[in-house]
Amino acid sequence: GASVTVSGPGGSSCTATADSQGVFSCSLGTLRVGADQTISVTQTVNGVTSEPATVEVSVGQGTVAAPTVSMTPETPSTDSQVVVSGTAPTGSTVTVSVDGDTVCADVAVAEDGSYTCMVGRLPVGEHEVSAVATLNGVASQPGTASMTVSQGTVAPVTGLSVSPSAPTSDQSVTVSGTAAPGASVTVSGPGGSSCTAAADSETGAFSCSLGTLPVGADQSVSVTQTVNGVTSAPATTSLSVGQGAVAAPSAAGTRSWPW
């Protein structure tokens, strides 16, 4: 019939009444992780409390809850600086991966259980984000989320050049430069001339021929590139086209004088 008090790690405690055989049992609930932690037990009989009996217990890490995962902005473009954030067990660290590649390793979880990872810009398409929390050497199952990145602003082409640099009206003019790899390039020149080209899939280099151009000084050539349906602002250059060879006139029949 003794009143039994059990005190455990981290302020845990419970009480029980011993049965007629002196047997007692009570639950301390879950305990904090740690080695050689003390459990102390006293009994009180007729108002007199015993010295404590003690036992040592070592508590290992159990299952770690998976982090939550959210992205900002929710609908990013290739212009966006993507941030992954969420919650995870306090005291853990979080590793964030995008499409299987680690982008933030061992991010410390704040006291309020939050974590943040700066991912940066991502290419167009569907991306899978996962986050794993590790606490006391035990890793959680991954928390996952997906996002779709759309095409943002497309920069103008660079390195425009015209060949020959000072053409005449009987010379074919070629325009070249560098665009985004695989971009569709449109070149517009004097007199309604135009041509299209696909930029090299690795280097982005492109070249296309406007053919022969009309005579004129400081005429504009405009070049745009289109990537994933988004067209850039034009890049421009100018050229002057000189007169090419002039064909000799045809001669009609001749007659001598006097008629």
Note to self: Show me the pairs that pass side-chain hydrogen bond (donor to acceptor under 3.5 Å, both in side chains) and involve residues 44-64, at least two apart or across chains.
What the structure shows: T38-E56, T44-T49, Q61-N136

Next item on the list: Not counting sequence neighbours, list each pair that qualifies as a side-chain hydrogen bond (donor to acceptor under 3.5 Å, both in side chains) and has a residue in residues 100-122.
Entry: D112-S114

Checklist line | Close side-chain approach of S92 and V109, heavy atoms under 4.5 Å | finding: yes

Next item on the list: Kindly give the heavy-atom pair with the smallest separation between A155 and S232, and that separation in Å.
Entry: O-CB, 3.4 Å

Next item on the list: Answer yes or no: is there a donor N or O on one side and an acceptor on the other, between the side chain of S209 and the main chain of G211, under 3.5 Å?
Entry: yes

Next item on the list: Examine the side chains of S207 and T174 and answer whether a donor and an acceptor come within less than 3.5 Å of each other.
Entry: no

Notebook entry, point to check: Who are the side-chain hydrogen bond (donor to acceptor under 3.5 Å, both in side chains) partners of T93, not counting sequence neighbours?
Noted result: none

Note to self: With heavy-atom distances below 4.5 Å as the criterion, would you say the side chains of T168 and Q243 are in contact?
What the structure shows: no

Notebook entry, point to check: Distance-only, no hydrogens or angles: does the D99 side chain make a donor-acceptor pair with backbone N or O of H127 under 3.5 Å?
Noted result: no

Check: What are the two closest non-hydrogen atoms of G100 and S97, and how far apart are they?
Finding: C-CB, 4.2 Å

Checklist line | S238 side chain reached by S220 side chain, heavy atoms, under 4.5 Å | finding: no

Check: Does CD in Q81 sit with more than 12 non-hydrogen atoms of other residues, nucleotides or ligands closer than 6.0 Å?
Finding: yes

Next item on the list: Please write out which residues are connected to V64 in a hydrophobic cluster, directly or through intermediates, given that two of Ile, Leu, Val, Met, Phe, Trp, Tyr count as joined at side-chain heavy-atom separations below 4.5 angstrom.
Entry: L135, V138

Next item on the list: Could you list who else is in V23's hydrophobic cluster, with ILVMFWY side chains joined at under 4.5 Å, directly or through other members?
Entry: none

Next item on the list: Go through the structure and list residues passing side-chain contact (heavy atoms from CB on, under 4.5 Å) with T17, not counting sequence neighbours.
Entry: none

Checklist line | Residue pairs fulfilling disulfide bond (SG atoms under 2.5 Å apart) with at least one residue in residues 50-112, sequence neighbours excluded | finding: C104-C117

Notebook entry, point to check: How close do P181 and S201 get, heavy atom to heavy atom, and via which atoms?
Noted result: CB-O, 3.2 Å

Margin query: If you compare all heavy atoms of A245 against all heavy atoms of D170, which two are closest, and at what distance to 0.1 Å?
Written below: N-OD2, 3.0 Å

Item checked: For V154, the rest of its hydrophobic cluster, which grows through side-chain links under 4.5 angstrom -> V227, V230

Notebook entry, point to check: Does any donor atom in the side chain of T68 or T87 lie under 3.5 Å from an acceptor atom in the other side chain?
Noted result: yes

Margin query: If hydrophobic clusters are built by linking Ile, Leu, Val, Met, Phe, Trp and Tyr wherever their side-chain heavy atoms come under 4.5 Å apart, do V33 and L31 end up in the same one?
Written below: no

Item checked: Selection residues 48-92 - residue pairs positive for disulfide bond (SG atoms under 2.5 Å apart), sequence neighbours left out -> none

Notebook entry, point to check: Out of curiosity, T148 OG1 to E74 CD, how far, rounded to the nearest 0.5 Å?
Noted result: 12.5 Å

Item checked: Hphob cluster co-occupancy, V83 + V69, side-chain heavy atoms under 4.5 angstrom -> no

Note to self: Is it the case that the side chain of T78 and the backbone of P123 share a donor-acceptor pair, with hydrogens and angles ignored and the cut-off at 3.5 Å?
What the structure shows: no

Margin query: Can you give me the closest heavy-atom contact between A139 and V132, atom names plus distance?
Written below: CB-CG1, 4.0 Å

Next item on the list: Kindly write out the residues that satisfy side-chain contact (heavy atoms from CB on, under 4.5 Å) with S146, not counting sequence neighbours, or none if the list is empty.
Entry: E126, E128

Check: Is any side-chain heavy atom of M147 closer than 4.5 Å to a side-chain heavy atom of P76?
Finding: yes

Between side-chain atoms of residues 190-200 and protein atoms elsewhere (two or more places apart, or another chain), which donor-acceptor pairs fall under 3.5 Å?
| residue | atom | partner | partner atom | Å |
| --- | --- | --- | --- | --- |
| S193 | OG | P190 | O | 2.8 |
| D200 | OD1 | E202 | N | 2.8 |
| D200 | OD1 | T203 | N | 2.8 |
| D200 | OD1 | T203 | OG1 | 3.3 |

Notebook entry, point to check: So which heavy atom on A217 is nearest to which on S240, and how close?
Noted result: CA-OG, 3.4 Å

Next item on the list: Kindly say whether S150 contributes a backbone atom to a donor-acceptor pair with the side chain of S77 at under 3.5 angstrom?
Entry: no

Check: If we only count heavy atoms from C-beta on, is the V129 to V96 side-chain gap below 4.5 Å?
Finding: yes

Next item on the list: For residues S169 and P214, determine if any side-chain heavy atom of one lies less than 4.5 Å from a side-chain heavy atom of the other.
Entry: no

Check: For T178, does its backbone N or O pair with a side-chain atom of Q225 as donor and acceptor, under 3.5 Å?
Finding: no

Check: Honestly curious: do F24 and I39 fall in one hydrophobic cluster under the side-chain, below-4.5 Å linking rule?
Finding: yes

Margin query: Can you list, by chain and residue number, the hydrophobic cluster partners of V162 when the side-chain cut-off is 4.5 Å?
Written below: V157, L160, V173, V175, V185, V187, F206, L210, L213, V221, V223, L239, V241

